[in-house]
A.B. asks: 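Structure below; questions to follow.
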Amino acid sequence: MKISIIGAGSWASAIADFLSKDNEVLMYARNIEDVDNINNFHINKKYFADIKLSENIKATNKIEDLLENKIIINAIPSQKTREVLSNIKDGLDGKILINLSKGIEIKTLKRISQVIYELNPNCTYAVLSGPSHAEEVIRKMPTALVCACEDEKIAKEIQDIFSKYYLRVYTSTDVIGCEIGGAIKNVLAFGIGMVTGLGFGDNTKAAIMTRGIYEMNKFAISQGADRKTINGLCGIGDLIVTATSMHSRNNRCGILFGKGYSLDDACKEVKTVVEGIPTTKALYNLSKKENIELPITNEIYKVIFENKNPKDSVEVLMNRDKKSEY
């Protein structure tokens, strides 16, 4: 089988490497140097310079080349998805588009599935999500994911393609839940990183993580998601790995920010896109629009975008009205 991947970042490369054992993979990279490194030296120099990629992986800087294949994987940041895919939207007719990015579009407050179907309603959309650091997948460490698609038959087909001894894929039809879990966990992971950088301990992190799960459930259910999805790999599972690992760009950026780095400097230090930052703004605006109370998200937003002292935000959360846990 021939499979296309939009993007050449770390997760795109890990998935390309995984798929290349049984398939021919064509990756799209804007930078011609990245294309040359993949085609001529079989490495992604920026992310995995020490790992030799399969010769079954080829790269191109012409995005229209990807349309030759029926399965197209989107692995570019959520805020750039509409812009990039607009260039090939008419060619998506009849294609299966598998989304890997995790976020909510700031301008429209839409999930990625909504963005894709706005561009072309004649493709089939699926999302692949869960606790999955590229650095571990490319080294064949056991990982479990969820493939969600409204068409259960397609979800099972993708499950077959992506299942191997070190990667286990479950199926779901709850696209909304998988997308929201993947988006909100980045916001919470940034916040948990921030309190780590401030010097707070495990008690604080556990409290924010647990109450964050409550917020994630509350928001997801309001959008039509199934609670079981948030309580599974796409929600709690993804939050655990993103909020506790130094592989996590959101966690690392939050730690640096908590230590006193400016937001720009923290992002530069991490060197890759920190999806939790724009998603915080989108989630904050969406919750206000729909009148859904998300106290942790609100405080993270105020710290990032209104320069509120993070210690003051922690104090606000600790002094909220007394209530039953549920």
Side-chain angles (χ1 to χ4, degrees), residues 1-69 71-89 91-92 95 97-103 105 112 115-116 119 128 132-141 186 246-250 252-253 256 261 263-278:
M1 183 181 293
K2 295 181 178 181
I3 298 173
S4 298
I5 300 180
I6 308 171
S10 58
W11 192 212
S13 298
I15 289 296
D17 180 72
F18 171 83
L19 293 171
S20 67
K21 303 300 182 289
D22 303 306
N23 308 279
E24 294 179 30
V25 179
L26 180 64
M27 302 178 73
Y28 164 72
R30 290 181 302 170
N31 191 323
I32 192 64
E33 184 180 351
D34 293 336
V35 172
D36 289 342
N37 281 329
I38 292 169
N39 289 338
N40 299 323
F41 303 105
H42 311 295
I43 60 169
N44 185 324
K45 193 173 181 180
K46 184 176 179 182
Y47 297 100
F48 300 115
D50 60 329
I51 293 178
K52 200 81 168 177
L53 300 175
S54 167
E55 293 187 13
N56 281 345
I57 301 173
K58 302 296 181 186
T60 178
N61 67 339
K62 297 178 181 177
I63 194 169
E64 59 271 15
D65 292 347
L66 304 186
L67 297 173
E68 296 175 6
N69 302 326
I71 295 178
I72 300 174
I73 298 171
N74 175 51
I76 57 175
S78 57
Q79 304 306 321
K80 290 290 184 181
T81 292
R82 183 187 296 273
E83 176 188 336
V84 174
L85 268 66
S86 290
N87 298 316
I88 56 169
K89 62 181 181 180
L92 295 176
K95 305 293 185 183
L97 193 141
I98 304 171
N99 178 51
L100 305 182
S101 70
K102 300 173 180 178
E105 191 175 54
I112 300 300
V115 172
I116 298 301
L119 294 174
L128 192 67
S132 48
H133 289 313
E135 295 85 351
E136 295 184 4
V137 171
I138 204 166
R139 290 175 172 82
K140 300 179 176 54
M141 296 183 184
N186 284 332
M246 288 305 290
H247 287 315
S248 165
R249 64 194 71 175
N250 292 282
R252 283 187 286 131
C253 190
L256 293 170
Y261 283 64
L263 194 61
D264 286 344
D265 287 345
C267 290
K268 286 176 185 175
E269 189 75 17
V270 172
K271 296 178 182 176
T272 55
V273 174
V274 181
E275 288 272 31
I277 294 171

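Positions are given from 1 along the sequence. Here the structure is a predicted model, which is why all the values come from computation and not from measurement.
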A.B. asks: Taking the side chain as every heavy atom from C-beta outward, state whether Thr81 and Ile116 have any pair of such atoms under 4.5 Å apart.
C.D. replies: yes
A.B. asks: Looking at Asn37 and Ile43, would you say the former's side chain and the latter's main chain have a donor-acceptor pair under 3.5 Å?
C.D. replies: no
A.B. asks: Please check this pair: side chain of Asp34 against backbone of Ala29, looking for a donor-acceptor N/O pair closer than 3.5 Å.
C.D. replies: no
A.B. asks: Is any side-chain heavy atom of Ile15 closer than 4.5 Å to a side-chain heavy atom of Val25?
C.D. replies: no
A.B. asks: Answer yes or no: is there a side-chain heavy-atom contact under 4.5 Å between Ser4 and Tyr28?
C.D. replies: no
A.B. asks: Hey, does Asn186 have a side-chain heavy atom less than 4.5 Å from the side chain of Ile277?
C.D. replies: no
A.B. asks: Would Lys45 and Asp36 count as a salt bridge (Lys or Arg N to Asp or Glu O under 4.0 Å) here? Give the steps.
C.D. replies: CA-CA 10 Å; Lys45 193 173 181 180; Asp36 289 342; over 6 Å; no
A.B. asks: Counting heavy atoms not belonging to Lys21, are there more than 12 under 6.0 Å from its NZ?
C.D. replies: yes
A.B. asks: Side chain to side chain donor-acceptor pair (under 3.5 Å) between Ser101 and Glu275: does it pass, once the steps are laid out?
C.D. replies: CA-CA 9 Å; Ser101 70; Glu275 288 272 31; 5.1 Å; no
A.B. asks: Test your reading of the model: is there a side-chain donor-acceptor pair from Asp265 to the backbone of Tyr261, 3.5 Å cut-off?
C.D. replies: no
A.B. asks: Locate the shortest heavy-atom distance separating Met27 from Leu66; write the atom from each residue and the value.
C.D. replies: C-CD2, 4.3 Å
A.B. asks: Does Arg82 come within less than 4.0 Å of Glu105, counting only side-chain N to carboxylate O?
C.D. replies: yes
A.B. asks: Under 3.5 Å, is there a donor-acceptor pair between the side chain of Asn87 and the main chain of Val84?
C.D. replies: yes
A.B. asks: So, Ser20 versus Asn56: side-chain donor-acceptor pair below 3.5 Å or not?
C.D. replies: no
A.B. asks: Taking the side chain from Lys58 and the backbone from Val35, do they hold a donor-acceptor pair closer than 3.5 Å?
C.D. replies: no
A.B. asks: Looking only at atom types and distance, does a side-chain atom of Lys271 sit under 3.5 Å from a main-chain N or O of Cys267, one as donor and one as acceptor?
C.D. replies: no
